[in-house]
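For reference, the structure discussed in these notes is given below.
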Protein chains: 2
Amino acid sequence: MIRCIKCNDVSSISKAGKVDKKQRYFCKNCNIHFTIPEKREDLKNESEKKQNVTIKDIAEALQISFSTVSKALLDNPVINPETKKKVLNMAKKMNYQPNLNAKSLVKHSSNTIGIIIPSIISSSFYPEVLQGVQEILSEKKYNSIICLSHESYENEIANCNQLINNRVDGVLISITSKTVETAHINQFKEHNIPFVFINRAPETIEASRVTVNNYDAGCKAVEHLIEQGCTRIAHIAGPPNLIFSKERLKGYYDTLIKHKHTIDQSLIVYNDLYTDNSKECIEHLLNLKNKPDGIFVYSDFIGIELIIAAKERGIEIPSQLCVVGMGNNPVSAIIEPQLTTILGPTLEMGKIATELLIDEIEGKNQKITNRLLDVELIVRKSSLK
Amino acid sequence: MIRCIKCNDVSSISKAGKVDKKQRYFCKNCNIHFTIPEKREDLKNESEKKQNVTIKDIAEALQISFSTVSKALLDNPVINPETKKKVLNMAKKMNYQPNLNAKSLVKHSSNTIGIIIPSIISSSFYPEVLQGVQEILSEKKYNSIICLSHESYENEIANCNQLINNRVDGVLISITSKTVETAHINQFKEHNIPFVFINRAPETIEASRVTVNNYDAGCKAVEHLIEQGCTRIAHIAGPPNLIFSKERLKGYYDTLIKHKHTIDQSLIVYNDLYTDNSKECIEHLLNLKNKPDGIFVYSDFIGIELIIAAKERGIEIPSQLCVVGMGNNPVSAIIEPQLTTILGPTLEMGKIATELLIDEIEGKNQKITNRLLDVELIVRKSSLK
DNA sequence: GTGAAAGCGCTAACAC
DNA sequence: GTGTTAGCGCTTTCAC
C-alpha cells in the first residue's frame with residue numbers, strides 16, 4: 001500500500017516505471033512522481049558491487065548533512081573544530097577517497113596538466129625533461145596526463161583533443177617534426193587552456209616557450225671545430241621545419257662565414273625523424289669525394305652512429321675527422337673515442353616550463369615568456385686533434 | 001512584478017537570495033523556490049569568460065532536447081539519421097568537445113588507466129615498456145595517467161591514492177625496490193580497480209603479473225660463463241626484496257651447483273637502487289684478493305660501469321674477466337668490448353600487460369594470469385674467450 | 001555552525 | 001523518434 005508523499009492519498013497512486021532500480025510512483029492528485037526512500041544499506045543487498053564511499057555516506061554515519069561534511073573536508077574555517085575532527089576521523093575510518101571527476105565538474109578545473117611529447121624512447125632527452133616536469137608537478141600537487149605523438153601530426157591532433165576533453169588546466173607541448181599547421185594547438189586558446197612549448201615550438205603561435213639556445217650551440221660547435229683546424233666542416237641537421245634545426249644551422253652558417261669559410265651545400269644533410277634516414281645522411285657525407293674533416297651532428301644519437309660508421313670504414317677519429325654531437329647522451333662519454341657534445345639543461349627545461357605553466361594557470365603570470373637556456377660545450381676525444 | 005511559476009500569484013512572492021548570479025524567489029503559497037529562466041545568451045554579457053560548448057548549447061541551437069543530442073552523439077540507433085546528421089554537423093561547427101569528467105561521473109568509469117613505475121631515466125627499460133603500453137592503449141582508446149614513484153615507498157602510496165581519486169579503470173604497476181608492505185596496493189581491490197604487475201611484483205598479492213623468466217636468465221648467464229671456462233663466477237644482484245633479483249640469484253646458484261661449482265658468498269653483492277651503491281659493488285668484486293674471472297651483472301647499466309672500471313684497472317676483458325649483463329641497453333652494443341647481455345622483451349611486456357589489464361577491466365578475463373616471458377642470451381665480445 | 005538546494009555536463013530510464 | 005527527468009559526487013550560496 002503506497003501513499004502519496006505529499007497528499008498521503010492511496011487511491012490516486014499509479015506505478016510509473018523504475019528509477020535507479022527502485023519502483024517509481026505517480027500521484028494523480030499532486031501531479032508528482034516519487035519513489036519510496038530507502039536506506040543506502042538496503043541497496044547493498046540488491047547490487048552486490050561495493051560502492052565507493054561518498055560524502056553522503058560519511059554524513060549519514062555521523063547523522064549530519066553532507067554539505068557540512070564537504071566543508072569540513074575542505075577545511076572551511078566556518079565549521080566547528082569538533083565537527084571537523086569527527087568528519088576527518090570518520091573519513092579515514094571509512095577509507096573515503098574523494099571523486100576528482102565530480103570535483104573537476106563543479107570547479108571547472110581538474111588540477112591536471114597535459115603533456116604532449118613526440119617520443120620517449122628515441123633518446124634520454126624527453127625522459128629527462130619529464131623527470132623535471134614531474135618534480136615540479138608533485139611539489140605543486142598537480143597531476144599529469146602524458147601523450148606520445150610519435151612524431152605524427154595526426155596523433156598530435158588527437159592528443160590535443162583528448163586533453164581538451166579531459167579538461168586539463170594547462171598543457172606542455174613539444175611539437176612533432178611534421179607539425180606545420182597549428183590550428184589544433186590554437187584550440188587550447190579557445191578553451192582558455194594555457195600552454196607552454198618545450199624544446200620544440202612553432203614560429204607562428206604566440207605562447208610561452210622554453211628552449212635551449214640553439215643558435216649558440218651551432219656557433220660553439222663550429223667555432224670549436226675551426227679551432228681544431230678543420231677546414232671542411234659538415235652538418236647533419238635536424239628536420240628542417242623545426243626551429244631548433246634552423247637555429248643550429250644558422251649558427252653553423254654564421255660561424256663559418258665569420259671565419260671566412262666557404263659554404264658547401266653538399267656538406268649539409270637533413271635528418272628525418274619520422275622515417276629515420278640517419279644512415280643515409282651518414283653515408284652521404286662519408287662517401288663524398290672531397291670528404292669533410294669535421295662534422296657537427298645535431299644529436300648525439302646520430303653522432304654515435306657516425307663514429308661507428310667511420311670506424312668501420314677505417315676513418316680515424318679525431319685525426320682524420322672531428323665529430324661534435326649534441327645532447328650529452330650518457331653513451332657519449334662511454335664510446336671510443338668519447339664524443340664531444342653540447343649539453344643542454346634537460347631536467348631544468350622541464351622544471352622551468354612547468355613552473356611557467358603553473359604560474360599561467362594560477363594567473364600569476366599573464367605575459368608571454370621566452371626562456372632561452374644556455375648550452376655548454378663538453379670537449380672530449382672525438383674532436384681533439 | 002514577479003509571479004509564482006506554479007500558482008501565478010504575485011503577493012505571495014518574496015526574494016530569497018541569489019543562485020548562479022540570478023535572483024531567486026520564494027512563494028509562500030506553494031512553498032517553493034524558483035528563479036526566472038533566462039536564455040543562455042543573456043548570461044554571456046555578465047560573465048565574459050568563454051564557456052565550453054555543452055550538449056545543451058547544441059540542443060538550443062538546433063531547438064531540440066539535449067537528451068536527443070546526447071543520444072545522437074553516442075550514435076544511439078534509435079535516433080533519426082537526419083537528426084543525427086544535424087547534431088553531428090552542429091557539434092563540429094560549434095567545436096563541441098565532450099566533458100569526460102561529467103561522463104566519468106555518470107558512467108562510473110573513466111576510460112583511463114593508471115601506470116606506476118619507479119623511474120623513467122635510470123635506463124631505457126621503462127620507457128620501452130611505456131611505449132608498448134601506449135601502443136595498446138591508443139589502439140583500444142584508453143587514456144593513461146603516469147606516476148613515477150622514484151623508488152620511494154611513500155611516493156608509491158601517494159600514487160595509488162591519486163589513481164583511486166581519479167577513478168581510473170585499472171592500474172599497471174611496477175613496485176619500488178623498497179616496497180614490502182602492500183596495503184596501499186590492496187586498496188585497489190576494495191575499490192574494484194583491477195591491476196596488473198609489470199616486471200616487479202610482490203610475492204604476497206594475488207593478481208595478474210607479467211614478468212620475464214628471471215630464473216632462466218640467471219641460468220643462461222651462468223651456463224654461458226661456465227662454457228667459457230670461468231671458474232670463479234661472481235654476481236652483482238638486484239635489490240634483495242624484489243622477486244626478480246631473487247630469481248636471477250636462484251638461477252645463478254642452481255647452475256653453479258648443477259656444475260659442481262662451490263658457492264662463495266663474497267662473490268655476491270647487492271645493488272641498492274635508492275642509494276645507488278653500484279660503484280661500491282664493483283669495487284668490492286674487483287678488489288678481492290681472489291678475483292672472479294666471470295661476472296653476471298643483473299643490469300647492463302652496471303655491466304657497462306663494470307667494464308669501464310675494469311679497463312681503468314688494466315683488467316683485460318674478456319681474457320681475464322668475462323662479463324654478462326642483462327637488459328640489452330643500446331649502449332651494450334656500442335662500447336668496447338661489446339657487452340654480452342640477456343634480452344627481455346620490454347615492449348612486448350608493456351603490450352601484454354596492458355592487454356591483460358584491459359581484458360580484466362572489460363570483464364573478458366576474470367582469472368589471475370601469470371605470464372612469464374622468455375629471455376634470450378645475446379653473446380658479444382665481453383664474454384667470448 | 002549547520003543544512004537545504006542548485007548546478008557542474010553528462011547518460012539512461014522512461015513517458016509520450 | 002524525441003523529450004522529461006533523475007542522478008552521478010561534489011562545491012557553493014544562501015537561509016536559518
(Q) Please tell me if Ser70(A) has a side-chain N or O lying less than 4.0 Å from either OP1 or OP2 of dT11(D). (A) yes
Q. Nearest to the side chain of Thr68(B), which nucleotide is it out of dG3(C), dT5(D), dG3(D)?
A. dG3(D)
Q. If each of Phe66(B) and Leu105(B) is mapped to the nucleotide of DNA chain D with the nearest heavy atom, which maps nearer the 5' terminus, i.e. the 5' end?
A. Phe66(B)
Q: Round to the nearest Å and state the distance from Lys103(B) atom NZ to dG9(D) atom C1'.
A: 18 Å
**Q.** Atom pair CD/NZ of Glu206(A) and Lys189(A) - distance to nearest 0.5 Å
**A.** 6.0 Å
Q: Measure distances between side-chain N and O atoms of Lys84(B) and base N and O atoms of dG1(D), and say whether any donor-acceptor pair falls under 3.5 Å.
A: no
**Q.** Which nucleotide in dT12(D), dC10(C), dT11(C) has an atom nearest any side-chain atom of Lys107(A)
**A.** dT12(D)
Q) Once you round it to whole Å, what is the distance between C1' of dT2(D) and NZ of Lys86(B)? A) 12 Å
Q: Hey, which sits more toward the 5' end of DNA chain D by its nearest nucleotide, Ala102(B) or Thr83(B)?
A: Thr83(B)
Q | Donor-acceptor under 3.5 Å (Asp169(A) side chain, Asn111(A) main chain) | A | yes
Q | Rounded distance (Å) that lies between atom C1' of dC10(D) and atom CG of Asp57(A) | A | 13 Å
(Q) The side chain of Asn80(B) is closest to which nucleotide in this list: dT5(D), dT11(D), dT2(D)? (A) dT2(D)
Q: Would you kindly give the CD-to-C1' distance between Glu60(A) and dG3(C), to the nearest whole Å?
A: 16 Å
Q. The side chain of Ser67(A) lies closest to which of these nucleotides: dA4(C), dG1(C), dC8(D)?
A. dA4(C)
Q: Look only at the side chain of Ser149(A) and the backbone of Ser152(A), and say whether a donor-acceptor pair between them is shorter than 3.5 Å.
A: no
Q) For the side chain of Asn99(A), counting heavy atoms from C-beta on, which of dG9(D), dG9(C), dG3(C) is nearest? A) dG9(D)
Q: Could you state the atom-to-atom distance from CG of Asn76(B) to P of dG3(D) in whole Å?
A: 14 Å
Q: Record whether the side chain of Ser65(B) comes under 3.5 Å of the base of dT2(D) through a donor-acceptor pair of N or O atoms.
A: no
Q) Between dG9(D), dT11(D), dC10(C), which nucleotide has the shortest distance from any of its atoms to the side chain of Ile55(B)? A) dC10(C)
Q. Where does the angle between the aromatic ring planes of Phe188(A) and Phe195(A) fall among parallel (under 30°), tilted (30 to 60°) and perpendicular (over 60°)?
A. tilted
Q. If you check the Lys71(B) side chain, which of dT2(D), dG9(C), dT12(D) turns out closest?
A. dT2(D)
Q) Between dC8(C), dT11(C), dT11(D), which one does the side chain of His108(A) approach most closely? A) dC8(C)
Q. CG of Leu73(A) versus P of dC10(D): gap in Å, rounded?
A. 8 Å
Q: Could you state the atom-to-atom distance from NZ of Lys56(B) to P of dT2(D) in whole Å?
A: 20 Å
Q: Could you walk me through whether Thr112(B) and Ile145(B) pass the side chain to side chain contact (heavy atoms under 4.5 Å, CB included) test, one step at a time?
A: CA-CA 7 Å; Thr112(B) 299; Ile145(B) 296 178; 3.8 Å; yes
Q. What's the CD-P distance between Gln63(A) and dT2(C), to the nearest Å?
A. 15 Å
Q) Asn99(A) side chain to Ala102(A) main-chain N or O, any donor-acceptor pair under 3.5 Å? A) yes
